[in-house]
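Step one of this worksheet: look at the structure below.
Residues take their numbers from the sequence shown, with the count starting at 1.
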Amino acid sequence: MEKVILLTGASAGIGKATALELLRAGHIVYGAARRVQKMDDLRDAGGHALALDARRPEDLERAVATVVEQQGRIDVLINNAGTALHGAAEDIPLDLARDQFEVNVFAPARLAQLVLPHMREQGSGTIVNVSSIGGEIALPLGCWYYATKHALEAYSDSLRMEVEPFGIDVVIIQPGIIKTEFEDRTAQELREISGATAYGPMAEALARHAEAQLGENSRASDPGVVATTIRQAIEAGKPETRYAVGWTAEQLLELNRTLPDREFDKLVMNTAK
């Protein structure tokens, strides 16, 4: 069944792969992102490109209004846009942390508020929040990113119970290590923010680890595996509440859920030496 979909962060990585996957499946896709010029392939495939900065409430309102005005309905919201921030908690300026929450938590929450009246009127709908294995796991030198993803998952769990009586599903996607430009600045950011501080040795070790994970011999998964999972979730009659997908996702989540905290800490910190 054809669905009308609004997808944020559609100009690259998981978002672009998902937009193209959903278009191939016959859905009506509105891809939203700041870099509209990078969505020509989405347009060529029959999709719609919307300019959207997740930090601007007026952009969020305009995006939802455009979809509803042009299609008369909105069946799926995919909150995929996000940013990452790497550095020691002691070193990161709090204005950067606040911005991280603005993009990764408050923008998805506002979009949900905007689409829910339409979904309730229809008696159906799906909200997909793209989280991360970092929605359950916290690693060193990424506290604010992990904090936003933990917050997004808690928000999603509450929202799921609230909207279920109206026929609306809420789905969390937990990608593992995915080969996208999202992580391109990880090593550079670690060095810039914490490379010359008390956390310098740890930052350098993790920067080198990030470079190895995402280098030429990387085992990171293609974003297409996440796109396929998202399509399966929105096409399912009754989707799962969480989907872990991509390299190391299920393994790391299982370790985190079963090991005592300090044992998991030791496992992680061996990487940061």
Side-chain angles (χ1 to χ4, degrees), residues 3 5-9 13-15 17-19 21-22 25 27 75-84 100-101 103-109 111-113 115-116 119 124-139 142 144-180 182-183 220-259 261 264 268:
K3 295 180 184 291
I5 299 166
L6 173 60
L7 163 66
T8 66
I14 290 172
T18 301
E21 173 77 12
L22 294 173
H27 299 295
D75 301 307
V76 180
L77 168 65
I78 303 174
N79 282 312
N80 170 70
T83 64
Q100 185 98 134
F101 269 87
V103 175
N104 292 2
V105 180
F106 296 124
L111 283 170
Q113 289 181 330
V115 304
L116 280 171
M119 291 181 174
S124 64
T126 304
I127 295 174
V128 177
N129 289 328
V130 179
S131 178
S132 162
I133 55 173
E136 293 187 39
I137 294 171
L139 305 178
W144 291 113
Y145 174 74
Y146 298 119
T148 64
K149 292 304 185 180
H150 276 62
L152 182 64
E153 295 214 10
Y155 166 84
S156 300
D157 286 335
S158 289
L159 182 65
R160 182 181 66 249
M161 292 182 275
E162 293 169 6
V163 301
E164 190 274 336
F166 303 105
I168 301 167
D169 290 308
V170 177
V171 174
I172 296 168
I173 304 294
Q174 298 175 308
I177 300 171
I178 309 298
K179 193 178 299 183
T180 75
F182 185 74
E183 294 285 1
S221 297
D222 185 88
V225 302
V226 186
T228 300
T229 300
I230 292 174
R231 176 181 58 77
Q232 292 170 343
I234 68 173
E235 291 178 348
K238 193 64 178 176
E240 301 292 330
T241 59
R242 277 175 171 78
Y243 293 83
V245 56
W247 186 48
T248 74
E250 292 186 355
Q251 297 94 322
L252 282 176
L253 287 171
E254 185 62 24
L255 283 171
N256 185 64
R257 291 165 182 165
T258 56
L259 287 178
D261 287 345
F264 186 79
V268 169

Inset, instruction - Quick one: pull up OG1 in Thr248 and CD in Glu254 and give me the separation to the nearest 0.5 Å. - result: 13.5 Å
Inset, instruction - Report the residues that fulfil side chain to side chain contact (heavy atoms under 4.5 Å, CB included) with Ala107, sequence neighbours left out, ordered by chain and then residue number. - result: Ala54, Leu60
Legend entry - Between CH2 on residue Trp247 and CG on residue Asp222, distance to nearest 0.5 Å: 14.5 Å
Inset, instruction - Dump the intermediate steps for side chain to side chain contact (heavy atoms under 4.5 Å, CB included) on Ile133 and Asn256, then the final yes or no. - result: CA-CA 10 Å; Ile133 55 173; Asn256 185 64; over 6 Å; no
Legend entry - Shortest non-hydrogen separation from Ser156 to Leu152 and the atoms involved: OG-O, 2.7 Å
Legend entry - Result of checking Glu21, Arg231, Glu235, Lys3 against His27 for side-chain hydrogen bond (donor to acceptor under 3.5 Å, both in side chains): Glu235
Inset, instruction - Check the surroundings of atom CD in Gln113: do more than 12 heavy atoms from other residues, nucleotides or ligands lie under 6.0 Å from it? - result: yes
Legend entry - Stepwise side chain to side chain contact (heavy atoms under 4.5 Å, CB included) check, Ile127 with Arg160: CA-CA 9 Å; Ile127 295 174; Arg160 182 181 66 249; over 6 Å; no
Legend entry - Side-chain touch Ile137/Tyr146, heavy atoms, less than 4.5 angstrom: no
Inset, instruction - Measure across Ala81 and Thr8 and return the closest heavy-atom pair with its distance rounded to 0.1 Å. - result: N-OG1, 2.9 Å
Inset, instruction - Using atom types as modelled and distance alone, determine if a side-chain donor or acceptor of Ser124 lies under 3.5 Å from a backbone N or O of Gly167. - result: no
Inset, instruction - Mind listing the closest non-hydrogen atom pair of Pro239 and Ala233 along with its distance? - result: CB-O, 3.4 Å
Legend entry - Minimum heavy-atom distance Pro108-Val103, with the two atoms named: CD-O, 3.4 Å
Legend entry - Member of Val171, Thr18, Leu7, Ile5 meeting the side chain to side chain contact (heavy atoms under 4.5 Å, CB included) criterion with Ile230: Thr18
Inset, instruction - Could you tell me whether the side chain of Thr83 reaches within less than 4.5 Å of the side chain of Asn104, counting heavy atoms only? - result: yes
Legend entry - From CD1 (Ile14) to NZ (Lys179), nearest 0.5 Å: 13.5 Å
Inset, instruction - Give the minimum heavy-atom separation between Pro175 and Ile173, together with the two atoms involved. - result: CD-O, 3.2 Å
Legend entry - Approximate separation, where rounding is to 0.5 Å, of Asn129 CG and Tyr155 OH: 7.0 Å
Inset, instruction - Examine distances only and state if a side-chain atom of Asn80 and a backbone atom of Val130 form a donor-acceptor pair shorter than 3.5 Å. - result: no
Legend entry - Rounded distance [0.5 Å steps], OG1 in Thr148 versus CZ in Phe106: 10.5 Å
Legend entry - Under 3.5 Å donor-acceptor, Asn79 side chain and Leu111 backbone: no
Inset, instruction - May I have the step-by-step check of side chain to side chain contact (heavy atoms under 4.5 Å, CB included) for Ile234 and Leu22, ending in yes or no? - result: CA-CA 10 Å; Ile234 68 173; Leu22 294 173; 3.4 Å; yes
Inset, instruction - Kindly indicate, with the supporting measurements, whether the criterion side-chain hydrogen bond (donor to acceptor under 3.5 Å, both in side chains) is fulfilled by Ser131 and Glu153. - result: CA-CA 7 Å; Ser131 178; Glu153 295 214 10; 2.8 Å; yes
Inset, instruction - For Ser132, enumerate each residue passing the side chain to side chain contact (heavy atoms under 4.5 Å, CB included) test, keeping only those at least two apart in sequence or located in another chain. - result: Tyr145, Lys149
Inset, instruction - Measure the spacing between CD1 of Ile168 and CD of Glu162 and express it to the nearest 0.5 Å. - result: 11.0 Å
Inset, instruction - Mark yes or no for whether Asp75, through its side chain, and Gly125, through its backbone, hold a donor-acceptor pair below 3.5 Å. - result: no
Inset, instruction - Classify the angle between the aromatic ring planes of Phe101 and Trp144 as parallel (below 30°), tilted (30 to 60°) or perpendicular (above 60°). - result: perpendicular
Legend entry - Side-chain heavy atoms of Asp157 within contact of Arg242, under 4.5 Å: yes
Inset, instruction - Please report the shortest heavy-atom distance between Leu159 and Ala112, naming the atom on each side. - result: CD2-CB, 4.4 Å
